[in-house]
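A quick write-up on the structure given underneath.
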Amino acid sequence: MKLSNSYIGLPEEFFDSVYPTPVKSPSLIAFNDDLAATLKITLSDEEKIDFFSGNKVPSDSTPIALNYSGHQFGNFVHQLGDGRAVLLGEIRDKKNTVDVQLKGSGPTMYSRQGDGRSALGPVLREYLLSEAMYHLDIPTTRALAAISTGEYVARDEFEPGGILTRVAQSHLRVGTFEYFASRQQYEELKILADFAIQRHYPDIREFDNHYLELLKRVAQNQSLLVSKWMSVGFIHGVMNTDNFTISGETLDYGPCAFLDEYHPGKVFSSIDLQGRYAFGNQPSIAAWNLASLAGCLIAFIDKDADKANEMATEVLDNFSIETNQRILNLMCKKIGLDGESKSNQDILKSLLKIMMDNESDYTITFRNLSNQLVGESKKFLDEFKKDNHIEGWLNRWKESVKKENGDMKQLSLELNKINPLYIPRNHQIQKAIDLAYENDFTKFLEMIEVFKNPFNEDQRYAEYENSPLEDQKILKTFCGT
Ligand code: AMP
Ligand code: MG
């Protein structure tokens, strides 16, 4: 593991030097060989345990915790920072630089009242979800290793402790910008913006207005991200600005979840009492977070405040329009139609309305629609138990699909590459965690394999196709912090 650290070249308020706190008896639960290979990491089993538990630090590592603020549920929190994470360093190749971070590695100066630790459950959750997202082709941080610490952490009950090694394009967030902007530290803010440009969008240096372009790029990547979330039914659950990346990757898998039955107002998070981060609100929350970033950059966009305001507002307006269209395109694609056409959009919207009324499972419905093109799919029709509007809808849809596509068999195959069969459902994840707490990791390890191929049917994994039975349903998710 060849580690460097460009963050330590930044002014001292950006981070704090801190070593991970050693743990009692660590064991390696999972290691991501594929990711390790792409990062050219070769370590012995002993080194993996030592380094990813934080019991030893690689000789070329300068471990630090990063400083940031953030809006949590719309309220500004002046001081956050890595309270339970340590950046071991960066791995660079010619094209790319990534952060390697331990999460759950002990207290830092930003821990506030927290213990700096993580329970094993949330570690396994993040491992499964982030890797599943990666294989669904959704920008995300990744999981390199999961460690069980052999210690207990106090949450509602005592739980076994865990540490996740997370790999990210960087850990820069809107909250990092808010830290300096809220303190009116414009010099540091500019250094941060330049660092972000160099790290993520180096070609911006060719543009006249670097900071307006930075805002545009973050908006563009976040638009791609949120649209993809919507198309697979992913609810992030805590889209606070400290969890909203500059790279456009999904960050922090806390109380997140995939939809079972479709409802735009769906909320799982136990702390989201007003539904701020409900499924259907995600595009507007992304716009809200981008407005926060715009506020941080505004002074650099133009000296004339009115002009700067106008330019930033245009970016935000475009974000909303483009994201809306992007979602329509992706969603129409799921049903084999072109999203630019108004009548196709209507067909999509009526399907969603019927799905909502029938409490149809999001993933099963879209996946099995393709079978309706080549016969009758019981699995699809079973999702519409309450009313029969679906028959009329199917006729209307088939008519449009035939106009736009030649070969129905071919289209059916194509749709199966767009609509996943396997998504990490909460009830399955919870089962894997419950078993892990009894020292049985087989289900967790099996799930890692299942979600490597979310589109290809595999008889061995049939149980992962199903939605939860009534008594298996998980109604609430928790941060687990
Ligand atoms: P998160 O919910 O993981 O996005 O965390 C929000 C903030 O709380 C971040 O500043 C975290 O570092 C901090 N935090 C979460 N859990 C802990 C913990 N167990 N100990 C210390 N800080 C924590
Ligand atoms: Mg966070």
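Source: prediction; values computed, not measured. Just so you know, ligand 1 is whichever comes first in the structure, and atom 1 is the first atom listed for that ligand.
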Please list, in number order, the atoms of ligand 1 under 4.0 Å from a heavy atom of [X].
{"X": "Asp252", "value": "1 (P), 3 (O), 4 (O)"}
{"X": "Gly116", "value": "18 (C), 19 (N), 20 (N), 21 (C)"}
{"X": "Arg155", "value": "19 (N)"}

Could you tell me whether ligand 1 has any atom less than 4.0 Å away from a heavy atom of [X]?
{"X": "Tyr68", "result": "yes"}
{"X": "Glu126", "result": "no"}
{"X": "Gly254", "result": "no"}

Original post:
Between the candidates Gly81, Gly83, Gly114, Ala65, which shows the shortest non-hydrogen contact distance to atom 10 (O) of ligand 1?
Top reply: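 It is Gly81 whose heavy atom sits nearest to atom 10 (O) of ligand 1.
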
**OP:** Could you name the option among Arg84, Arg112, Arg117, Arg173 that has the heavy atom nearest to atom 13 (C) of ligand 1?
**Re:**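 Heavy atom nearest to atom 13 (C) of ligand 1 belongs to Arg112.
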
Report yes if [X] has an N/O atom closer than 3.5 Å to an N/O atom of ligand 1; otherwise report no.
{"X": "Leu80", "answer": "no"}
{"X": "Asp115", "answer": "yes"}
{"X": "Asn243", "answer": "yes"}
{"X": "Lys103", "answer": "no"}

Side-chain contact test, heavy atoms from C-beta onward, threshold under 4.5 Å: evaluate it for [X] versus [Y] and give yes or no.
{"X": "Phe73", "Y": "Val238", "answer": "yes"}
{"X": "Gln72", "Y": "Asp242", "answer": "yes"}
{"X": "His171", "Y": "Arg166", "answer": "yes"}

**OP:** Inspect the surroundings of OH in Tyr152 and state if more than 12 heavy atoms from other residues, nucleotides or ligands are less than 6.0 Å away.
**Re:**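 No, OH of Tyr152 has 12 or fewer neighbouring heavy atoms, counting only those of other groups under 6.0 Å.
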
Do the side chains of [X] and [Y] get close enough for a salt bridge, i.e. N-O under 4.0 angstrom?
{"X": "Arg183", "Y": "Glu188", "answer": "no"}
{"X": "Lys2", "Y": "Asp93", "answer": "no"}
{"X": "Arg199", "Y": "Glu90", "answer": "yes"}

**OP:** Classify the ring geometry between Tyr262 and Tyr362 as parallel (under 30°), tilted (30 to 60°) or perpendicular (over 60°).
**Re:**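 If you compare the ring of Tyr262 with that of Tyr362, the planes turn out parallel.
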
Original post:
To the nearest 10°, how many degrees is the angle Asn243 OD1 to the Mg ion (ligand 2) to Asp252 OD2?
Top reply: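 The two atoms form an angle at the metal of about 90°.
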
Original post:
Does NZ or CZ of Lys417 fall inside the cone over Phe455's six-membered ring, less than 6.0 Å from its centre and within 45° of the axis?
Top reply: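 No.
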
